[in-house]
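Every chain is numbered from 1 and lettered A, B, ... according to where its sequence line falls, protein lines coming before strand lines. Since the model is a prediction, treat every value here as computed from it, not as a measurement.
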2 protein chains.
Amino acid sequence: MENKLPTIKEIAKQLNISISTVSRALHDHPNIGIQTRMRVQELAKRLHYEPNQTAIFFQQGKTFTIGVILPELSEAFFSSAISGIEDAAQKANYTVLMGQSHDSADKEKQLIDTMKKHRVDGLLISISKNTTNYEHFEALQSYNIPIVYFDRIPKIPNIHYVACNMINGTVQAINFLFKKGHRIVGMINGPEKLPATKERLEGYIQAMTKSRLKYDPALVLNCDLTKESVCAATEKLLSGRRRPTAIVTFNDYVALDAVQQAQKMKFKINKDVCFVSYANLPMSNYTAFPPLASVEQFPYQQGQKATETLIELLQQKTGDEAETTNATFYKIILESQLVIHEGK
Amino acid sequence: MENKLPTIKEIAKQLNISISTVSRALHDHPNIGIQTRMRVQELAKRLHYEPNQTAIFFQQGKTFTIGVILPELSEAFFSSAISGIEDAAQKANYTVLMGQSHDSADKEKQLIDTMKKHRVDGLLISISKNTTNYEHFEALQSYNIPIVYFDRIPKIPNIHYVACNMINGTVQAINFLFKKGHRIVGMINGPEKLPATKERLEGYIQAMTKSRLKYDPALVLNCDLTKESVCAATEKLLSGRRRPTAIVTFNDYVALDAVQQAQKMKFKINKDVCFVSYANLPMSNYTAFPPLASVEQFPYQQGQKATETLIELLQQKTGDEAETTNATFYKIILESQLVIHEGK
DNA sequence: GATTTTCAGACAAACGTTTGCATAGAATTG
DNA sequence: CAATTCTATGCAAACGTTTGTCTGAAAATC
């Protein structure tokens with residue numbers, strides 16, 4: 001009892017007209033007379049006809065699907081971002097094929113393969129923190145599959161990307177601390193190679209020099225975001241010669257671990273030492289000592305913008321076939337913004 | 001300069017053999033002589049040939065894609081679940097098309113449509129909390145697209161599902177409280193229609209009767225999981241005639257809000273009143289007053305199991321065409337488990 | 001050596017849709 | 001009324017792959 005789905009062919013046969021007429025009638029092609037058009041559309045409805053998308057994908061050489069590769073959905077940043085992506089994609093009638101790299105370069109490569117196989121029209125990627133080799137990304141270019149990177153951007157020339165400028169936010173954060181009287185401000189930064197890390201550092205330095213304080217490299221430590229390395233960094237900062245009274249951490253998760261470590265060292269949070277961070281997680285409202293302020297990076301908007309950009313690229317592509325000279329690259333920067341929590 | 005991707009046809013032409021031979025050679029079909037097979041495979045490699053999956057999907061009437069519809073990725077439960085799904089899918093060479101309903105029944109319906117259009121082979125669904133009408137799900141049955149529900153299961157007969165039995169966990173949770181001396185235990189339960197809510201209630205009643213305590217309905221309140229309703233319920237419980245010294249909450253998020261409300265009412269947490277909940281979120285480690293214990297629901301495993309079940313169904317389908325009498329429905333229940341936090 | 005079996009490969013249909021081109025008849029024009 | 005333009009429709013190719021059936025030749029059988 002294989003309840004075969006009705007096809008355009010079936011409709012044609014029942015109405016004794018040609019396949020092409022049916023196809024055109026369903027697309028409201030002006031060449032088709034109003035009456036046949038109606039007859040077709042009615043029968044289609046009656047049979048619950050639905051076009052076979054796989055056939056269309058195949059025929060058109062497009063899947064109206066965009067692939068998304070990101071490190072880790074359980075991080076609030078990315079789950080927000082994917083919502084922005086989904087929403088923007090849906091608006092343009094695209095579908096999303098998603099995969100998590102779990103910060104493994106291998107998994108990432110594998111995902112790219114899968115996506116390529118599935119013939120996604122384009123890709124949105126936030127690279128894993130362990131990716132050092134960018135060949136597999138570049139290979140895609142030759143397949144003519146456009147990529148828009150977001151948030152975690154690889155260091156390769158001539159790419160499209162959407163990111164959030166952390167410099168300003170960092171300056172804001174540090175100025176905020178200055179205003180509250182802090183003079184020695186430490187920083188627990190991220191993995192050295194991440195651009196995000198460099199930006200935070202740059203913001204830090206800018207803020208320092210603007211305030212005519214000297215930049216003391218001993219006050220800025222890197223960590224690899226694991227709990228151990230965060231604790232180590234915290235310990236080192238708080239037992240150093242110049243003990244900071246405030247610390248800027250790479251993100252809210254880092255802040256949480258740093259706070260715990262500081263407590264373990266018998267420091268009173270918000271008294272002996274304060275924390276400011278990045279991300280602005282909703283859960284911060286519930287933690288024992290949320291950071292006094294947090295730099296918002298607008299993940300939803302980043303996802304949205306990246307998707308819109310990609311779709312624009314896709315539409316461009318179908319437009320000017322020959323004009324491959326179209327070598328402009330989108331570099332979209334959103335501004336971060338400090339959000340102050342301490343009011344409550 | 002349209003760098004046309006090479007096709008099987010191209011290979012055939014260059015080697016002066018037929019298309020079918022190439023196809024078979026690439027699949028290591030025994031009918032093809034070893035030498036031609038090699039020649040084909042070598043040329044394929046040299047040209048960087050990759051089969052056009054869209055053509056294959058179309059030709060085979062299968063996409064090797066499974067759709068996943070879930071309420072909200074930003075909930076830790078679901079982001080874990082999707083990881084389990086992804087991993088299990090990948091193992092069987094399936095791809096995942098995901099969409100969030102954001103707990104909207106409309107969005108859910110829309111997603112089902114998209115998935116249907118994309119001809120996913122099967123679906124994994126955790127229904128939105130606002131879904132009351134199950135027609136669109138049932139419609140899929142007639143399209144012969146199998147569905148496996150997980151965690152949030154609709155109340156319709158004859159479905160496949162994977163869920164976690166909350167009854168046992170609830171009993172464990174309440175016994176745990178009894179052992180600690182609590183005699184009046186309240187409960188802030190979820191939305192009335194959710195099966196999950198009913199299970200928790202049943203566990204509550206079972207534990208009560210087993211301990212020869214009377215079940216007092218005034219001690220069990222429902223909420224719709226919004227902050228306001230949680231606070232209202234907490235207030236009512238804590239200012240009721242029989243004031244509980246311990247409260248079991250629907251999940252960790254509810255616990256967080258309830259704790260805040262209790263504090264606002266000047267109760268000392270863990271002294272005047274304790275909390276126990278469900279989910280076992282990692283972030284609980286960082287909150288001011290994490291629940292003393294939490295019932296783990298194994299989201300990753302649920303996702304994994306659901307996916308495996310779906311894939312089994314899919315493989316079955318291709319097997320016994322005629323045997324539609326195969327009316328066995330998978331009802332897979334994982335056991336929940338109480339995890340005690342207070343050690344630390 | 002004649003017959004059968006095996007082997008290696010070719011042919012062609014099928015999957016469902018879109019779309020450029022052709023065409024028969026109707027309507028319009030002069 | 002003949003010539004032209006429109007209108008409504010049909011025909012057939014194309015997209016890339018898989019797969020059932022066919023065939024010619026070589027190998028094995030008796």
Side-chain angles (χ1 to χ4, degrees), chain A residues 2-41 43-44 47-65 116-119 121 143-144 318 321, chain B residues 2-41 43-44 47-65 116-119 121 143-144 318 321:
Chain A
E2 274 297 315
N3 207 357
K4 279 273 190 224
L5 292 179
T7 70
I8 209 180
K9 198 190 260 176
E10 178 65 22
I11 296 181
K13 204 198 296 178
Q14 290 200 26
L15 257 42
N16 237 316
I17 57 182
S18 83
I19 292 178
S20 53
T21 302
V22 175
S23 173
R24 291 192 170 100
L26 289 171
H27 287 82
D28 281 322
H29 191 287
N31 272 16
I32 304 301
I34 181 75
Q35 35 189 357
T36 20
R37 204 186 310 175
M38 295 308 265
R39 288 204 311 149
V40 169
Q41 296 189 357
L43 182 57
L47 296 181
H48 295 116
Y49 167 76
E50 303 214 27
N52 181 335
Q53 288 292 333
T54 64
I56 297 177
F57 292 162
F58 166 52
Q59 205 272 144
Q60 312 246 303
K62 291 188 61 182
T63 57
F64 293 95
T65 302
K116 198 168 61 185
K117 264 203 199 146
H118 269 251
R119 290 290 207 269
D121 292 342
Y143 279 94
N144 216 6
T318 42
E321 294 287 9
Chain B
E2 274 297 314
N3 207 356
K4 279 273 188 225
L5 292 180
T7 70
I8 207 179
K9 197 190 261 175
E10 177 65 22
I11 297 181
K13 204 198 295 176
Q14 291 200 26
L15 257 42
N16 238 315
I17 57 181
S18 84
I19 293 178
S20 54
T21 303
V22 175
S23 173
R24 289 193 168 99
L26 290 171
H27 288 82
D28 282 321
H29 191 287
N31 272 16
I32 305 301
I34 182 75
Q35 36 189 355
T36 20
R37 206 187 306 175
M38 294 309 264
R39 288 206 309 149
V40 168
Q41 296 188 357
L43 183 56
L47 297 180
H48 295 118
Y49 166 78
E50 303 212 29
N52 181 335
Q53 286 292 333
T54 64
I56 297 177
F57 293 161
F58 167 51
Q59 205 272 146
Q60 312 246 299
K62 291 188 61 182
T63 57
F64 293 95
T65 302
K116 199 167 59 188
K117 264 202 198 146
H118 268 250
R119 291 288 205 269
D121 291 342
Y143 280 94
N144 216 6
T318 43
E321 294 287 8

How long is the gap from [atom1] on [X] to [atom2] on [Y], to the nearest 0.5 Å?
X        : Y        : atom1 : atom2 : value
B/Asp121 : B/Asn144 : CG    : CG    : 11.0 Å
A/Phe57  : B/Asn52  : CZ    : CG    : 12.5 Å
B/His48  : A/Tyr143 : NE2   : OH    : 6.5 Å
A/Lys62  : B/Thr54  : NZ    : OG1   : 13.0 Å
B/Arg119 : B/Thr63  : CZ    : OG1   : 9.5 Å

[X] has an atom [atom1]; how far is it from atom [atom2] of [N], in whole Å?
X       : N      : atom1 : atom2 : result
B/Leu15 : C/dG9  : CG    : P     : 11 Å
B/Leu26 : C/dG9  : CG    : C1'   : 15 Å
B/His29 : D/dT18 : NE2   : C1'   : 10 Å
A/Glu10 : C/dG16 : CD    : C1'   : 13 Å
A/Ile34 : D/dT9  : CD1   : P     : 11 Å
B/Gln53 : D/dT18 : CD    : C1'   : 13 Å
B/Met38 : C/dA8  : CE    : P     : 15 Å
B/Ile11 : D/dG16 : CD1   : P     : 12 Å

Polar pairs (N or O, both sides) under 3.5 Å between protein and nucleotides 23-28 of chain D?
none

query = Do the side-chain N or O atoms of B/Thr36 get closer than 4.0 angstrom to the phosphate oxygens (OP1, OP2) of C/dG9?
reply = yes
ask   = Quantified as the angle between the terminal helix axes (five pairs each), what is the overall bend of the helix from C/dG1-D/dC30 to C/dG30-D/dC1 to 10 degrees?
value =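 Here the helix ends are tilted 50° relative to one another.
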ask   = So, for A/Ile32 and A/Arg37, which heavy atoms are closest and what is the spacing to 0.1 Å?
value =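 Minimum heavy-atom contact is O-NH2, 3.0 Å.
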key: Where B/Tyr49 and B/Ile8 come nearest, the two heavy atoms and their spacing   = CE1-N, 3.6 Å
message = Both B/Ile17 and B/Phe58 contact DNA chain C. Which one's nearest nucleotide lies toward the 5' end?
response =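 Nearest-nucleotide comparison on DNA chain C picks B/Ile17.
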key: Results of side-chain hydrogen bond (donor to acceptor under 3.5 Å, both in side chains) for B/Ser23 - residues two or more places apart only   =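 For B/Ser23 there are no side-chain hydrogen bond (donor to acceptor under 3.5 Å, both in side chains) partners, ignoring immediate neighbours.
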ask   = Sequence neighbours excluded, which residues qualify as side-chain hydrogen bond (donor to acceptor under 3.5 Å, both in side chains) partners of A/Glu10?
value =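 In terms of side-chain hydrogen bond (donor to acceptor under 3.5 Å, both in side chains), with neighbours along the sequence ignored, A/Glu10 is linked to A/Gln14.
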query = For every nucleotide of nucleotides 17-24 of chain C, 5' to 3': is a protein heavy atom under 4.0 Å from its base (B), only from its sugar-phosphate (S), or from neither (-)?
reply = BBBBB---
query = Below 4.5 Å, heavy atoms only, C-beta onward: do B/Val22 and B/Leu15 meet side chain to side chain?
reply = no
ask   = Of all residues at least two apart in sequence or in a different chain, which pass the ring pair (Phe, Tyr, Trp, His ring centres under 6.0 Å) check with B/Phe64?
value =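 For B/Phe64, the residues satisfying ring pair (Phe, Tyr, Trp, His ring centres under 6.0 Å) (neighbours in sequence not counted) are B/Tyr94.
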Sugar-phosphate, base or nothing in reach of B/Thr54, heavy atoms under 4.0 Å =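 Answer is nothing: B/Thr54 stays at 4.0 Å or more from every strand.
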